[in-house]
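Please read all numbers here as calculations on a predicted model, not as lab measurements. So you know, we letter chains A, B, ... as the sequences are listed, proteins then strands, and number each from 1.
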2 protein chains.
Amino acid sequence: MMLTLAIDMDETMADTTRQINKWYEREFGHTLTEEQLHGKEFRQAVPPGHSGVVHKYLNTPGFFRDIEVYPDAIEVVRELNKKYQIFVVSAATEFPNSLKDKIEWLDELFPYLNWKQYCLCGDKSLVQTDLMIDDRSRNFIHLKGSKTYLYSAHHNVAETAYERVNDWKEVAQKLL
Amino acid sequence: MMLTLAIDMDETMADTTRQINKWYEREFGHTLTEEQLHGKEFRQAVPPGHSGVVHKYLNTPGFFRDIEVYPDAIEVVRELNKKYQIFVVSAATEFPNSLKDKIEWLDELFPYLNWKQYCLCGDKSLVQTDLMIDDRSRNFIHLKGSKTYLYSAHHNVAETAYERVNDWKEVAQKLL
(Lines give C-alpha, C1' and ligand atoms only; values in the text may rest on other atoms or scores of the structure.)
Protein backbone atom coordinates (compact mmCIF):
# COMPACT_ATOMS: atom_id res chain seq x y z
CA MET A 1 0.00 0.00 0.00
CA MET A 2 1.48 3.32 -1.08
CA LEU A 3 1.64 6.26 1.30
CA THR A 4 -0.79 9.04 0.38
CA LEU A 5 0.67 12.44 -0.51
CA ALA A 6 -1.36 15.64 -0.81
CA ILE A 7 0.16 18.33 -3.02
CA ASP A 8 -1.16 21.87 -3.03
CA MET A 9 -1.56 23.75 -6.33
CA ASP A 10 -1.17 27.51 -5.82
CA GLU A 11 2.33 28.55 -4.75
CA THR A 12 3.35 24.88 -4.68
CA MET A 13 2.81 23.50 -8.19
CA ALA A 14 1.81 26.81 -9.79
CA ASP A 15 3.53 30.19 -9.61
CA THR A 16 0.36 32.03 -8.67
CA THR A 17 2.17 35.13 -7.39
CA ARG A 18 3.83 35.57 -10.76
CA GLN A 19 0.43 35.32 -12.45
CA ILE A 20 -1.09 37.89 -10.07
CA ASN A 21 1.87 40.14 -10.79
CA LYS A 22 1.32 39.77 -14.56
CA TRP A 23 -2.35 40.69 -14.22
CA TYR A 24 -1.46 43.52 -11.84
CA GLU A 25 1.01 44.91 -14.37
CA ARG A 26 -1.63 44.69 -17.10
CA GLU A 27 -3.98 46.77 -14.95
CA PHE A 28 -1.57 49.18 -13.26
CA GLY A 29 1.46 49.31 -15.53
CA HIS A 30 4.07 47.90 -13.16
CA THR A 31 4.85 44.76 -11.19
CA LEU A 32 5.74 44.39 -7.54
CA THR A 33 9.37 43.52 -6.87
CA GLU A 34 10.67 40.54 -4.90
CA GLU A 35 11.61 43.02 -2.15
CA GLN A 36 8.11 44.45 -1.98
CA LEU A 37 6.61 40.96 -1.76
CA HIS A 38 9.08 39.63 0.81
CA GLY A 39 7.25 38.35 3.88
CA LYS A 40 3.84 39.39 2.60
CA GLU A 41 0.70 38.28 0.87
CA PHE A 42 0.35 40.05 -2.49
CA ARG A 43 -2.72 41.90 -1.23
CA GLN A 44 -0.66 43.26 1.70
CA ALA A 45 2.11 44.49 -0.58
CA VAL A 46 -0.04 46.64 -2.87
CA PRO A 47 -1.25 50.17 -2.09
CA PRO A 48 -4.36 50.15 0.14
CA GLY A 49 -6.70 51.02 -2.73
CA HIS A 50 -5.59 47.93 -4.65
CA SER A 51 -6.08 45.29 -1.96
CA GLY A 52 -9.23 43.92 -3.61
CA VAL A 53 -7.69 43.24 -7.00
CA VAL A 54 -6.22 39.87 -6.05
CA HIS A 55 -9.63 38.49 -5.09
CA LYS A 56 -11.01 39.82 -8.37
CA TYR A 57 -8.25 38.15 -10.43
CA LEU A 58 -8.65 34.80 -8.64
CA ASN A 59 -12.31 34.58 -9.63
CA THR A 60 -11.83 35.72 -13.21
CA PRO A 61 -12.27 32.90 -15.75
CA GLY A 62 -8.92 32.17 -17.37
CA PHE A 63 -6.71 33.33 -14.49
CA PHE A 64 -5.73 29.81 -13.40
CA ARG A 65 -5.73 28.31 -16.88
CA ASP A 66 -2.28 29.49 -17.96
CA ILE A 67 -0.37 29.99 -14.72
CA GLU A 68 3.30 29.10 -15.04
CA VAL A 69 4.23 25.81 -13.43
CA TYR A 70 7.22 25.83 -11.07
CA PRO A 71 10.47 24.50 -12.52
CA ASP A 72 10.88 20.71 -12.27
CA ALA A 73 7.36 20.21 -10.83
CA ILE A 74 6.14 18.24 -13.84
CA GLU A 75 9.09 15.86 -13.80
CA VAL A 76 9.26 15.40 -10.02
CA VAL A 77 5.50 14.85 -9.60
CA ARG A 78 5.72 12.25 -12.38
CA GLU A 79 8.24 10.27 -10.32
CA LEU A 80 6.39 10.86 -7.05
CA ASN A 81 3.26 9.48 -8.75
CA LYS A 82 5.03 6.12 -9.11
CA LYS A 83 5.97 5.96 -5.45
CA TYR A 84 3.04 7.62 -3.63
CA GLN A 85 -0.72 7.77 -3.99
CA ILE A 86 -0.90 11.43 -4.97
CA PHE A 87 -3.81 13.79 -4.48
CA VAL A 88 -3.67 17.36 -5.73
CA VAL A 89 -5.58 19.28 -3.08
CA SER A 90 -6.48 22.89 -3.75
CA ALA A 91 -8.53 25.28 -1.63
CA ALA A 92 -10.52 26.61 -4.57
CA THR A 93 -14.26 26.63 -3.88
CA GLU A 94 -14.13 30.30 -2.84
CA PHE A 95 -13.60 30.96 -6.55
CA PRO A 96 -16.17 29.02 -8.61
CA ASN A 97 -14.73 30.37 -11.86
CA SER A 98 -11.36 28.82 -11.03
CA LEU A 99 -12.55 25.22 -10.83
CA LYS A 100 -12.72 24.17 -14.46
CA ASP A 101 -9.54 26.12 -15.25
CA LYS A 102 -7.69 24.25 -12.52
CA ILE A 103 -8.80 20.85 -13.83
CA GLU A 104 -7.82 21.77 -17.40
CA TRP A 105 -4.44 23.08 -16.23
CA LEU A 106 -3.73 19.82 -14.41
CA ASP A 107 -4.95 17.70 -17.33
CA GLU A 108 -2.69 19.61 -19.72
CA LEU A 109 0.51 19.83 -17.68
CA PHE A 110 0.24 16.65 -15.57
CA PRO A 111 -1.34 14.20 -18.04
CA TYR A 112 -0.12 11.22 -16.01
CA LEU A 113 -2.47 12.26 -13.19
CA ASN A 114 -6.23 11.75 -13.51
CA TRP A 115 -9.45 13.25 -12.14
CA LYS A 116 -9.56 10.73 -9.30
CA GLN A 117 -6.47 12.46 -7.90
CA TYR A 118 -7.96 15.97 -7.84
CA CYS A 119 -9.60 17.56 -4.84
CA LEU A 120 -10.97 21.11 -4.97
CA CYS A 121 -12.16 22.06 -1.52
CA GLY A 122 -12.60 25.03 0.77
CA ASP A 123 -11.04 23.83 4.00
CA LYS A 124 -8.37 21.14 3.92
CA SER A 125 -9.12 20.04 7.47
CA LEU A 126 -11.23 17.16 6.13
CA VAL A 127 -8.28 15.77 4.18
CA GLN A 128 -6.04 13.19 5.83
CA THR A 129 -2.95 11.99 4.00
CA ASP A 130 0.36 10.53 5.12
CA LEU A 131 2.33 13.42 3.64
CA MET A 132 1.47 16.94 2.55
CA ILE A 133 3.33 19.62 0.60
CA ASP A 134 1.75 23.06 0.95
CA ASP A 135 2.76 26.70 1.23
CA ARG A 136 0.15 27.31 3.97
CA SER A 137 1.04 25.82 7.34
CA ARG A 138 -2.57 26.28 8.48
CA ASN A 139 -3.34 23.28 6.27
CA PHE A 140 -1.05 21.07 8.39
CA ILE A 141 -2.63 21.71 11.78
CA HIS A 142 -5.34 19.03 11.66
CA LEU A 143 -3.11 16.30 10.26
CA LYS A 144 -2.65 13.26 12.47
CA GLY A 145 0.94 12.07 12.39
CA SER A 146 1.53 13.17 8.82
CA LYS A 147 4.87 14.31 7.44
CA THR A 148 4.60 17.89 6.23
CA TYR A 149 6.70 20.05 3.94
CA LEU A 150 6.20 23.82 3.79
CA TYR A 151 6.77 24.99 0.22
CA SER A 152 8.60 28.31 0.47
CA ALA A 153 6.71 31.41 -0.62
CA HIS A 154 7.01 35.13 -0.02
CA HIS A 155 4.24 35.04 2.57
CA ASN A 156 5.78 32.24 4.68
CA VAL A 157 9.46 33.27 4.85
CA ALA A 158 9.26 33.98 8.58
CA GLU A 159 7.79 30.60 9.56
CA THR A 160 10.16 28.24 11.29
CA ALA A 161 7.95 25.49 12.74
CA TYR A 162 7.85 23.22 9.69
CA GLU A 163 10.34 21.42 7.51
CA ARG A 164 10.72 23.46 4.36
CA VAL A 165 11.21 22.75 0.67
CA ASN A 166 12.46 25.60 -1.49
CA ASP A 167 11.90 24.08 -4.91
CA TRP A 168 10.95 20.83 -6.62
CA LYS A 169 14.54 19.61 -6.73
CA GLU A 170 14.46 19.66 -2.94
CA VAL A 171 11.16 17.81 -2.95
CA ALA A 172 12.83 15.15 -5.09
CA GLN A 173 15.79 14.90 -2.71
CA LYS A 174 13.53 14.42 0.28
CA LEU A 175 10.80 12.22 -1.15
CA LEU A 176 12.27 10.19 -4.02
CA MET B 1 -15.41 20.42 19.22
CA MET B 2 -18.19 19.39 16.82
CA LEU B 3 -18.11 16.04 15.11
CA THR B 4 -17.44 16.31 11.39
CA LEU B 5 -20.13 15.08 9.00
CA ALA B 6 -19.60 14.53 5.27
CA ILE B 7 -22.74 14.69 3.14
CA ASP B 8 -22.77 13.52 -0.46
CA MET B 9 -24.59 15.56 -3.12
CA ASP B 10 -25.86 13.33 -5.94
CA GLU B 11 -28.56 10.88 -4.85
CA THR B 12 -28.21 12.15 -1.28
CA MET B 13 -29.01 15.87 -1.35
CA ALA B 14 -29.98 16.04 -5.03
CA ASP B 15 -32.36 13.82 -6.98
CA THR B 16 -29.89 13.20 -9.78
CA THR B 17 -31.72 10.17 -11.16
CA ARG B 18 -34.85 12.27 -11.66
CA GLN B 19 -32.78 14.86 -13.53
CA ILE B 20 -31.21 12.19 -15.76
CA ASN B 21 -34.68 10.85 -16.42
CA LYS B 22 -35.90 14.33 -17.41
CA TRP B 23 -33.02 14.79 -19.82
CA TYR B 24 -33.50 11.25 -21.13
CA GLU B 25 -37.17 11.97 -21.80
CA ARG B 26 -36.24 15.16 -23.61
CA GLU B 27 -33.94 13.18 -25.88
CA PHE B 28 -35.87 9.92 -26.31
CA GLY B 29 -39.48 10.83 -25.57
CA HIS B 30 -40.05 8.65 -22.51
CA THR B 31 -38.77 8.18 -18.98
CA LEU B 32 -37.65 5.00 -17.24
CA THR B 33 -40.04 3.70 -14.60
CA GLU B 34 -39.24 3.00 -10.96
CA GLU B 35 -39.48 -0.71 -11.84
CA GLN B 36 -36.99 -0.41 -14.68
CA LEU B 37 -34.55 1.44 -12.41
CA HIS B 38 -34.94 -0.88 -9.41
CA GLY B 39 -31.59 -2.32 -8.36
CA LYS B 40 -29.72 -0.64 -11.21
CA GLU B 41 -27.61 2.30 -12.25
CA PHE B 42 -29.45 4.41 -14.81
CA ARG B 43 -26.92 3.48 -17.48
CA GLN B 44 -27.65 -0.22 -16.83
CA ALA B 45 -31.41 0.29 -17.16
CA VAL B 46 -31.39 1.89 -20.60
CA PRO B 47 -31.14 0.01 -23.92
CA PRO B 48 -27.51 -0.86 -24.79
CA GLY B 49 -27.22 1.87 -27.41
CA HIS B 50 -28.07 4.52 -24.81
CA SER B 51 -25.58 3.60 -22.11
CA GLY B 52 -23.34 6.58 -22.91
CA VAL B 53 -26.00 9.24 -22.51
CA VAL B 54 -25.69 9.51 -18.74
CA HIS B 55 -22.00 10.39 -18.93
CA LYS B 56 -22.86 12.96 -21.61
CA TYR B 57 -25.56 14.58 -19.46
CA LEU B 58 -23.33 14.72 -16.38
CA ASN B 59 -20.73 16.78 -18.21
CA THR B 60 -23.18 19.13 -19.91
CA PRO B 61 -23.14 22.66 -18.44
CA GLY B 62 -26.43 23.29 -16.67
CA PHE B 63 -27.24 19.68 -15.81
CA PHE B 64 -26.42 20.04 -12.11
CA ARG B 65 -27.62 23.64 -11.80
CA ASP B 66 -31.35 22.94 -11.45
CA ILE B 67 -31.53 19.42 -10.06
CA GLU B 68 -34.42 18.94 -7.66
CA VAL B 69 -33.37 18.78 -4.03
CA TYR B 70 -34.72 15.86 -1.99
CA PRO B 71 -37.67 16.67 0.29
CA ASP B 72 -36.69 18.04 3.71
CA ALA B 73 -32.98 18.14 2.85
CA ILE B 74 -32.77 21.93 3.10
CA GLU B 75 -34.43 22.05 6.52
CA VAL B 76 -32.63 19.04 8.00
CA VAL B 77 -29.17 20.10 6.79
CA ARG B 78 -29.85 23.55 8.31
CA GLU B 79 -30.33 21.91 11.72
CA LEU B 80 -27.44 19.49 11.23
CA ASN B 81 -25.25 22.49 10.45
CA LYS B 82 -25.80 23.76 14.00
CA LYS B 83 -24.78 20.47 15.57
CA TYR B 84 -22.03 19.12 13.30
CA GLN B 85 -19.16 20.52 11.29
CA ILE B 86 -20.62 19.76 7.88
CA PHE B 87 -18.75 19.19 4.65
CA VAL B 88 -20.58 18.58 1.39
CA VAL B 89 -18.34 16.10 -0.41
CA SER B 90 -19.07 15.31 -4.04
CA ALA B 91 -17.11 13.10 -6.43
CA ALA B 92 -17.28 15.57 -9.29
CA THR B 93 -13.89 16.16 -10.90
CA GLU B 94 -14.65 13.61 -13.63
CA PHE B 95 -17.06 16.25 -14.94
CA PRO B 96 -15.30 19.64 -15.10
CA ASN B 97 -18.46 21.30 -16.43
CA SER B 98 -20.36 20.27 -13.31
CA LEU B 99 -18.15 22.08 -10.81
CA LYS B 100 -19.41 25.65 -11.00
CA ASP B 101 -23.02 24.45 -11.32
CA LYS B 102 -22.65 22.43 -8.13
CA ILE B 103 -21.30 25.40 -6.18
CA GLU B 104 -24.08 27.67 -7.46
CA TRP B 105 -26.72 25.05 -6.63
CA LEU B 106 -25.42 24.76 -3.07
CA ASP B 107 -25.13 28.54 -2.67
CA GLU B 108 -28.72 28.98 -3.84
CA LEU B 109 -30.47 26.18 -1.94
CA PHE B 110 -28.25 25.94 1.16
CA PRO B 111 -27.34 29.59 1.78
CA TYR B 112 -26.45 28.85 5.40
CA LEU B 113 -23.50 26.75 4.19
CA ASN B 114 -20.41 28.40 2.73
CA TRP B 115 -17.59 27.61 0.34
CA LYS B 116 -15.34 26.39 3.17
CA GLN B 117 -17.76 23.47 3.57
CA TYR B 118 -17.62 22.31 -0.06
CA CYS B 119 -15.33 19.59 -1.36
CA LEU B 120 -15.38 18.53 -5.01
CA CYS B 121 -13.06 15.59 -5.44
CA GLY B 122 -12.54 12.48 -7.51
CA ASP B 123 -11.91 9.83 -4.88
CA LYS B 124 -13.31 10.28 -1.40
CA SER B 125 -10.66 8.04 0.13
CA LEU B 126 -8.64 11.11 1.19
CA VAL B 127 -11.57 12.44 3.23
CA GLN B 128 -11.81 11.54 6.91
CA THR B 129 -14.85 12.65 8.88
CA ASP B 130 -16.59 11.32 11.97
CA LEU B 131 -19.82 10.65 10.10
CA MET B 132 -20.73 10.24 6.44
CA ILE B 133 -24.03 10.09 4.55
CA ASP B 134 -23.64 8.74 1.01
CA ASP B 135 -25.49 6.56 -1.48
CA ARG B 136 -22.24 4.81 -2.47
CA SER B 137 -20.90 2.39 0.11
CA ARG B 138 -17.54 2.34 -1.67
CA ASN B 139 -17.00 5.78 -0.14
CA PHE B 140 -17.18 4.28 3.37
CA ILE B 141 -14.47 1.65 3.01
CA HIS B 142 -11.46 3.79 3.93
CA LEU B 143 -13.09 5.50 6.90
CA LYS B 144 -11.47 4.89 10.27
CA GLY B 145 -14.10 4.36 12.93
CA SER B 146 -16.64 6.67 11.33
CA LYS B 147 -20.39 6.27 11.59
CA THR B 148 -21.86 5.76 8.12
CA TYR B 149 -25.36 6.05 6.69
CA LEU B 150 -26.21 4.64 3.28
CA TYR B 151 -28.74 6.92 1.59
CA SER B 152 -31.16 4.65 -0.24
CA ALA B 153 -31.09 4.76 -4.03
CA HIS B 154 -32.22 2.47 -6.85
CA HIS B 155 -28.69 1.22 -7.38
CA ASN B 156 -28.07 0.24 -3.74
CA VAL B 157 -31.34 -1.52 -2.78
CA ALA B 158 -29.61 -4.90 -2.48
CA GLU B 159 -26.89 -3.73 -0.09
CA THR B 160 -27.26 -4.86 3.50
CA ALA B 161 -23.90 -4.16 5.13
CA TYR B 162 -24.55 -0.54 6.16
CA GLU B 163 -27.08 1.32 8.26
CA ARG B 164 -29.53 2.92 5.89
CA VAL B 165 -31.46 6.18 5.69
CA ASN B 166 -34.41 6.31 3.30
CA ASP B 167 -35.09 10.03 3.38
CA TRP B 168 -34.11 13.22 5.20
CA LYS B 169 -36.73 12.74 7.89
CA GLU B 170 -34.88 9.55 8.84
CA VAL B 171 -31.59 11.44 8.82
CA ALA B 172 -33.14 13.92 11.26
CA GLN B 173 -34.37 11.11 13.52
CA LYS B 174 -30.94 9.52 13.66
CA LEU B 175 -28.69 12.56 13.81
CA LEU B 176 -30.62 15.41 15.43
Would you say [X] and [Y] are hydrophobically clustered, going by side-chain heavy atoms of ILVMFWY under 4.5 Å?
{"X": "A/L80", "Y": "A/M13", "result": "yes"}
{"X": "B/L37", "Y": "B/Y151", "result": "yes"}
{"X": "B/L5", "Y": "B/L3", "result": "yes"}
{"X": "B/I7", "Y": "B/Y112", "result": "yes"}
{"X": "A/F95", "Y": "A/Y118", "result": "yes"}

Just give me the residue among B/L99, B/V89, B/T4, B/N114 that pairs up with chain A most often, heavy atom to heavy atom, under 4.5 Å.
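The option with the most such pairs is B/L99.
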As an exercise: rank B/E94, B/K124, B/Q128 by heavy-atom pairs under 4.5 Å with chain A and give me the winner.
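Answer, by heavy-atom pair count under 4.5 Å with chain A: B/E94.
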Pull out the residues in [range] that come under 4.5 Å of chain B, heavy atom to heavy atom, sorted by number.
{"range": "residues 39-78 of chain A", "result": "none"}
{"range": "residues 21-34 of chain A", "result": "none"}
{"range": "residues 165-173 of chain A", "result": "none"}

Are there residues of residues 100-110 of chain B that reach to under 4.5 Å of chain A by heavy atoms, and which ones?
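Those residues of residues 100-110 of chain B which have a heavy atom under 4.5 Å from chain A are B/K100, B/I103.
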A/V88 portion near chain B, given a 4.5 angstrom heavy-atom threshold:
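Neither the backbone nor the side chain of A/V88 comes within 4.5 Å of chain B.
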Does any heavy atom of chain B fall under 4.5 Å from the side chain of A/Q117, the backbone, both, or neither of them?
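When you check distances to chain B, no heavy atom of A/Q117 falls under 4.5 Å.
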Do B/L120 and A/C121 make a side-chain contact, defined as non-hydrogen atoms from C-beta onward lying under 4.5 Å apart?
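Counting from C-beta outward, B/L120 and A/C121 never come under 4.5 Å.
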Between A/K116 and B/D123, which heavy-atom pair has the shortest distance, and what is it?
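Where A/K116 meets B/D123 most closely, the heavy atoms are O-CB, 3.3 Å.
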Side chain, backbone, both or neither: which part of B/F87 has an atom under 4.5 Å from a heavy atom of chain A?
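When you check distances to chain A, only side chain atoms of B/F87 fall under 4.5 Å.
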